[in-house]
Amino acid sequence: MDKPGFKDRTVLEPFAEFVPPSSLSIRSLAVSSVSDSQTLIYIGTDEGKLVLASGDPSQTSHSDQHVDFVRSVSITGFPVIAIDVLVDVGRVLALSDGSLFLLDPSLLQPVRKLSLLKGITAFAQRLRTDDDTASVNPLDVAPVSRSEASSRSGQRFLQRFGGLGTKANGVRPKDSFPQGQDGCFVAASAEKMLVLIEFALSDVDSSGILVNWGVMQGFDGVRSIAWLDDSIIVGTSDGYSLFSILTGQSVTLFSLPDSSTTPQLKTLYAHKEVLLLVDNVGVIVNAFGQPVGGSLVFRQAPDSIGAMSSYVVVVRDGEMGLYRKRTGACVQSITFAGNGEGPCILPNDEPGSGEVVVVSTPRKVICFRKVSCEEQIKYLLRKKNFKETVCLIQELEDEGELSKEMLSFVHAQLGFLLVFELHFEDAVNHFLQAETMQPSEVFPFIMRDPNRWSYLVPRNRYWGLHPPPVPLEQVVDDGLSAIQRAIFLRKAGVDTAVDEDFLFNPPTRADLLELAIQNMIRYLHLSRDKQLNSSVQEGVDTLLMYLYRALNLVDSMEKLASSQNSCVVEELESLLDESGHLRTLAFLYASKGMSSKALAIWRILARNYSTGLWNDQSAVESDSQDNSTNFIPGHCAAALEASKLLEESSDEDMVLHHLGWIADIDQELAVRVLTSEKRSNQLSPGKVLAAIDPKKVEVHQRYLQWLIEEQDSDDTRFHTLYALSLARSAIEIVEMEYSNLSMDDKRLVEMDFSVVVNGISYGSHVRERLQLFLQSSDLYDPQEVLDLIEGTELWLEKAILYRKLGQETLVLQILALKLEDSEAAEQYCAEIGRRDAYMQLLDMYLDPQNGKEPMFNAAVCLLHNHGESLDPLQVLEKLSPEMPLKLASDTILRMMRARVHHLCQGQIVRKLSGAVNLEARLARLEERSRHAQINDECVCDSCRARLGTKLFAMYPDDSVVCYKCYRRQGESTSSSGRNFKNDALLKPGWLVSRNS
């Protein structure tokens, strides 16, 4: 047979032709798919015969033997207008001479004529949707006229149905119809009425099929019918109407002009919708008559309409057009017959797989089968029609015609083709959509074979549409060569498949290579989030570092190297060393636990890059809220990174080896290294102190401070070393600052080194630390520290040390005479707790020695505060004859008065105490001399027994108990429960009564 001509995309391909025997003229068709390897074709002829043919669409060779004649049967002498396969009941329904005929699928049994009505013009099988759970039996509604239904809109037919059914020629009324049997419904139009027919399988009837039917009046001129759920759509010369068998309402969907073509309806089984033809426009509606999606515009009004999965098929004048239902685009046009051979026919096909399309001319039948999705995609890819391929993939994915694995495979194949077409961004987008694609498949684009990961690359050539992967440089070079050839051929008038944008604006090699590397970086970076085996992960991270280095993306390189990664150091260390990316190499060493190599690099950087600026990323991020960027010198950045490694290291030798150069750059970092809590085992304090440069005083002091305060060390050596170090620092600072003062300022500073002179607090910070430590610690050697500061002006520190040594006199001399701090001196005397301390302090004020003037004001203040506790005679003896009488008279007078007052007060207290003692003795005597009279009626207040002649006891609250209860309760607790030891009973005595 001649192969028809193809245009556009290849969705259908012919696989067989069939010519009916005896030159029969074809009038109608129906198709039934029995299996993947057998399709039954029913052909209705103008001679009134029904021909059965069988085809095998699974055969791959183009042979006429794919369709075989099975048999034929004569129905009437008139044309067979329509055929439909009733799959649910296993029968074939044919329309001829205005009557319906029922046949078995194999055409072996006698033809059965349904004598329902005559003059039937069209019929349609009912289609139910999957979610149609509330749909009713159409024959449970009463057949009424169309006008009556319109006048009673909204009333359910169920309320007006009266068992209208007829039995004629094997047709039973519905009253005797079996319930719960499998069946189907058919609507047929005849003589201004609509007949609803139900077919059901049954073992009762000899034919195996029971038929029930009902009639609805008022349907005139019906040319085509479609039945979807509970809605019947009819097409007449006036237009299309929808009739609901639930409500009885009739709604006009479209009105047709007088010049319009014959109305046609086609049920789209795949989507449970109906297509209405208005001239050359197809409108798709749902079961409610509402349009779904856009309209389909055909080139001309078709002779017949068919459907195949997500496509609509139309034929006219020997040409078949295949339209995508969702978009309305014509994807394929096939010429299968010459113009003028007669009308073309498409079959009424059952809701099958949608893989076979049968079309006929009046003399022959041509069978087409759907090309597989893979072949369609291959066809477009071979033509390098990538945009159309993407659209096809999206359509197939939306229709669910591509499996997840195949979809991933196609995206990967498309991505590889786009790489070789130099569309790198689109290629990577498809790689990312290929879920089953392994990142190792792009390794050959980055590193030339053979390499460490060559064995990981799957040997999958896909469909063989692209060459094997080669390095990106070669891909770009080959692509540019192809562009140059295409430009030359275009000038010679030869069309090529090269992208038009490349022809009119050829890219440069550098731009293409940079774009390729950027997109490969994007793919590998996103691939890091996938679950990969260790070898593939190593390849991804290592090659990602290669690509970063190719574009000199320093920040990205350092970020990858400093984070958790699977880079192979052996593959990168020479590369990074030669290219000068030492920071990246140091980060990489550190991430792999090679701290010694990382520290060696940081030391080199600190030595060689002492000038210039390095961008410290952490500082930049910390100040981002202030819109400011913090730049630190390169050698400081190197020291900072090295300190981070040393803070976590427990290798004592390595830490101490690198401590010196870090301290030279930043002593604060050195302190952080030594005092870090991140390491598992702390460093030996003795070795650390020995390794610290004596010139690094701050490091030495802060490490000792950390040992004492944070580590709670009680080693006297560390306490003494810390005190000596602080003392030396204080001496240096005081001497340096003291030498720059004037004589008046020196005098102030000698009195108190905490004073501020000319805006400067001399030695305040260091001295405060020293003084606080000397007072708080008891573990250092005070004599050793005192020997150090003996000849200095650190008088307060000397006072603290003398106090530790118990030399009270020296402490008072320093506080009272050197520092002239009377308050501190008096407080120290209070701490001593002896009266002679105040007398000693008074003696120092009155006779300071060394030619210093007496401190009369301080002496008067001391007498004012503590004179009452001193012996006036001793005070008078201590007073100097040179002391002005006016200055001391008030104080001496107050001391005398206080002395007389204390004497009188003591006498009063002594007399009152004697009176209270006398009263107590008198009260005791009265209590003991009290008498109690007991008669025969008296009872014990505790046990209620008669006392009689028994021994008894009486408590201060006058309660009387027998001797037995007295022994049990004790002498301090009465029968009422009152304990006189805890709650004494007070009685007014003579002293209280007289005073009151």
Side-chain angles (χ1 to χ4, degrees), residues 554 557-559 561-565 567 569 572-574 576-577 580-619 630-707 710-711 713 718 721 725:
V554 177
M557 294 170 64
E558 294 181 1
K559 184 177 180 180
S562 59
S563 62
Q564 184 177 359
N565 63 81
C567 294
V569 178
L572 294 173
E573 56 184 347
S574 60
L576 296 176
D577 190 11
H581 294 95
L582 295 182
R583 281 176 57 93
T584 302
L585 184 58
F587 283 126
L588 185 61
Y589 281 143
S591 66
K592 300 302 178 182
M594 306 168 69
S595 300
S596 59
K597 290 186 176 182
L599 290 168
I601 293 178
W602 290 125
R603 186 171 187 176
I604 293 173
L605 290 174
R607 182 178 66 248
N608 297 341
Y609 298 160
S610 58
T611 60
L613 296 178
W614 284 92
N615 188 351
D616 181 57
Q617 190 66 24
S618 61
N630 183 18
F631 291 96
I632 61 175
H635 63 285
C636 294
L640 176 63
E641 297 299 335
S643 67
K644 293 178 181 178
L645 296 177
L646 294 175
E647 285 178 20
E648 299 179 357
S649 175
S650 298
D651 188 340
E652 191 172 81
D653 295 335
M654 184 175 67
V655 173
L656 299 180
H657 175 70
H658 293 278
L659 179 65
W661 68 268
I662 293 178
D664 292 337
I665 296 174
D666 191 341
Q667 295 191 37
E668 176 66 26
L669 294 178
V671 173
R672 284 166 49 181
V673 169
L674 296 177
T675 61
S676 173
E677 300 288 347
K678 298 179 182 179
R679 57 175 59 95
S680 57
N681 298 318
Q682 291 299 330
L683 307 177
S684 172
K687 293 184 178 180
V688 172
L689 292 173
I692 296 177
D693 187 351
K695 297 180 181 180
K696 304 299 186 296
V697 177
E698 182 181 357
V699 177
H700 186 266
Q701 290 179 0
R702 292 185 59 182
Y703 179 69
L704 288 171
Q705 182 183 8
W706 175 77
L707 286 175
E710 301 296 333
Q711 300 299 308
S713 174
F718 301 151
L721 286 174
S725 180

Worksheet item: Which heavy atom of Leu674 sits nearest a heavy atom of Arg679, and at what distance?
Response: O-NH1, 3.7 Å

Worksheet entry | Partner residues of Asp666 under the salt bridge (charged side-chain N to carboxylate O under 4.0 Å, His left out) criterion, sequence neighbours left out | none

Worksheet item: Run the side-chain contact (heavy atoms from CB on, under 4.5 Å) check on Phe587 and Glu641 step by step: do they pass?
Response: CA-CA 9 Å; Phe587 283 126; Glu641 297 299 335; 3.3 Å; yes

Worksheet item: Between atom CD of Gln667 and atom NZ of Lys695, what is the distance when rounded to the nearest 0.5 Å?
Response: 12.0 Å

Discussion item. Please find the pair of heavy atoms, one from Met654 and one from Ser649, that lie closest to each other, and give the distance.
Written reply: CE-OG, 3.1 Å

Worksheet item: Which distance, rounded to the nearest 0.5 Å, do you find between the CH2 of Trp706 and the CZ of Phe718?
Response: 10.5 Å

Discussion item. Run the salt bridge (charged side-chain N to carboxylate O under 4.0 Å, His left out) test against Asp664 and tell me which residues pass, sequence neighbours left out.
Written reply: Lys696

Worksheet item: Between the side chain of Arg702 and the main-chain N/O of Glu668, is any donor-acceptor distance below 3.5 Å?
Response: no

Item to complete: Could you walk me through whether Leu646 and His658 pass side-chain contact (heavy atoms from CB on, under 4.5 Å), step by step?
Response: CA-CA 8 Å; Leu646 294 175; His658 293 278; 3.9 Å; yes

Worksheet item: Taking it one step at a time, do Asp693 and His700 satisfy side-chain contact (heavy atoms from CB on, under 4.5 Å)?
Response: CA-CA 8 Å; Asp693 187 351; His700 186 266; over 6 Å; no

Worksheet entry | Polar side-chain atom of Asp577 near backbone of Glu573 as donor-acceptor pair, under 3.5 Å | no

Discussion item. For a 4.5 angstrom cut-off between non-hydrogen side-chain atoms, does Asn565 reach Lys592?
Written reply: yes

Fill in: Other residues, nucleotides, ligands: >12 heavy atoms within 6.0 Å of Gln564 CD
no

Worksheet item: Is any side-chain heavy atom of Lys644 less than 4.5 Å from a side-chain heavy atom of Leu640?
Response: yes

Worksheet item: Where do Leu576 and Thr584 come nearest, in terms of heavy atoms and distance?
Response: CD1-CG2, 3.9 Å

Worksheet item: For Arg672, which residues count as a salt bridge (charged side-chain N to carboxylate O under 4.0 Å, His left out) partner, sequence neighbours excluded?
Response: Glu647

Discussion item. Test of understanding: with salt bridge (charged side-chain N to carboxylate O under 4.0 Å, His left out), list the residues that count as partners of Glu648, not counting sequence neighbours.
Written reply: none

Fill in: Non-neighbouring partners of Val697 that pass side-chain contact (heavy atoms from CB on, under 4.5 Å), sequence neighbours left out
Gln701, Ser725, Ser729

Fill in: Exercise: identify the closest heavy-atom pair between Asn681 and Ser650
N-OG, 3.3 Å

N/O donor-acceptor pairs under 3.5 Å from side chains in residues 682-691, not counting sequence neighbours:
{"residue": "Gln682", "atom": "NE2", "partner": "Ser676", "partner atom": "O", "Å": "3.1"}
{"residue": "Lys687", "atom": "NZ", "partner": "Glu652", "partner atom": "OE1", "Å": "3.2"}

Response to the item:
Residues Trp661 and Ala639: closest non-hydrogen pair is CZ3-CA, 4.0 Å

Worksheet item: What closest approach, in Å, do Ser563 and Ser591 show between heavy atoms, and which atom pair accounts for it?
Response: O-CB, 4.0 Å

Worksheet item: So how far is it from Ile601 CD1 to Leu588 CG, rounded to the nearest 0.5 Å?
Response: 9.0 Å

